[in-house]
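A quick write-up on the structure given underneath.
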Amino acid sequence: MPDSVTIIDNRTGERYELPVVYGTYPTYGAAIPAANLRTIKQSEDDFGLMTYDPGYTNTASCKSSITFIDGERGILRYCGYPIEELAGSRSFLEVAYLLLEGELPDGNQLTDWTWHVTHHTIIHEKIKRFMDGFRYDAHPMGMLVSTVAALSTFYPESRQIQDPDVRHKQIVRLIAKMPTIAAFAYRYSAGMPYAYPDNDLSYTGNFLNMMYRSTETGYKPDPVLERALDVLFVLHADHEQNCSTSTMRAVGSSHADPYVAVAAACAALYGPLHGGANERVLRMLEEIGNVKEVPKYVERVKKGEFRLMGFGHRVYKNYDPRAKILRELAEQVFAVTGKNPLIDIAVELERIALEDEYFVSRKLYPNVDFYSGIIYQAMGFPTAMFPVLFAIARTAGWLAQWQEMLVDEDQRIARPRQVYTGADERHVD
Ligand code: CMC
């Protein structure tokens, strides 16, 4: 069978044979290199055909071997490993290593990787002072975006993006410092003194320490909550070419340094349709307030007054596998923290929505943000911190995708085309 498609241009009657390229699964990832469409012309001076795809709903912007999603079947794998297996048995740092290196670390590699990340968690004292400049009520996500961008000025060598050693150092720094900046942003808004990292703790244990340590000398995270946060980070670590990752790649494609590229990715994540959705879910559940109010709320969604936050996904047209894991994780967390009463509203909302023709016909299922906020709230995180938590975990994926892009010879500066619909040439009087 030839690996091509034939297109007949009905405008001219010409036939064109265009090659098809494949990924790992020929039935899930076949694509026509879009540049070949340019050969389809009505006349010699015709620019040639482009694809028109707002929101890139059907455009593969890269080849990638990091994350695979089959949205119809609700499958998510990192480097081939099912998300359920990774969440069940591996730590966030192991998964970050997997995304970056393509393989899970062996014992020595993990020790070495963990040591390096642990020993880069401290931020420059001047960064702390930079953070002190924010208004008292600054949103922690705004603080994160700006502070990560500011790191660029502290590490000017990071501009040497073609040097693998320099690149690796910035990757370690970013993964190490994101929790510190995030926790400092929280402490600042809570009016608490910054709590410094503790190298004796795990990645998530240390983050909890920097968030919640009070006057005690040695903070001991609850092991169930420490592990739960680790699972949450594993689930959020990567999700192929989503809005923030595409932003990371787009900014990185101009060869900007990784700090400003991660800041841009954080900014993309901040929006309520992306990583800001978990914050909105919580506000929505609080607004509903009571299980009895759920049917009325669903009716208003169906009338188009607003969207059901935490529902629907561009890629998943089935239950988001991450939401399934989180629903179970919630019970483990509640066993320690006590039940978050919002869970009853969420479960009822899910039950009603999944039986309703509106949601069924549009294949709208709970996504990762539907249950994550309820767990974060039970663990004591203020709502405004939810997208920040997402950003900490997703930094691993952003950096893995950025690194992959830089060594991919097919990649060029991101520069889409447009279909111009404005005025034809005209002249001022
Ligand atoms: N509530 C009600 N209706 C919805 C929802 C929703 N949450 N999501 C989509 N629809 C409807 C939409 O109105 C449209 O209906 P119609 O065909 O009658 O016009 C149809 O479903 C298709 O929607 P779409 O906007 O074309 O779908 P999209 O792929 O462009 O949008 C989405 C995906 C995630 C932005 C959207 O589902 C949404 O706004 N969800 C709520 C926000 C949310 O939970 N975001 C988190 C996404 S997962 C984590 C992440 O990526 O950060």
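Computed from heavy atoms alone, side chains included, the values below leave out hydrogens, waters and symmetry copies. Counting starts at 1 for both ligands and their atoms, following the listed order. These figures come from a predicted structure and were not determined experimentally.
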* Taking Phe92 as the fixed residue, which of Tyr78, Phe207, Tyr203 is the one that meets the ring pair (Phe, Tyr, Trp, His ring centres under 6.0 Å) rule? -> Tyr203
* Asked: Got a salt bridge between Glu355 and Arg351, using NZ or NE/NH1/NH2 to carboxylate O under 4.0 Å?
  -> yes
* Determine the interplanar angle of the His119 and Trp115 rings, folded into 0 to 90°, and report it as parallel if under 30°, tilted if 30 to 60°, perpendicular if over 60°. => parallel
* Check step by step if salt bridge (Lys or Arg N to Asp or Glu O under 4.0 Å) holds for Lys296 and Glu299. => CA-CA 5 Å; Lys296 261 192 259 163; Glu299 283 312 309; over 6 Å; no
* Asked: Going by the angle between their ring planes, with limits at 30° and 60°, are His168 and Trp113 parallel, tilted or perpendicular?
  -> tilted
* Determine the interplanar angle of the Tyr25 and Phe68 rings, folded into 0 to 90°, and report it as parallel if under 30°, tilted if 30 to 60°, perpendicular if over 60°. => tilted
* **Those protein residues which place at least one heavy atom below 4.0 Å from ligand 1** => Leu273, His274, Gly275, Ala277, Val301, Arg307, Leu308, Met309, Gly310, Phe311, Gly312, His313, Arg314, Tyr358, Arg362, Leu364, Asn367, Val368, Asp369, Phe390
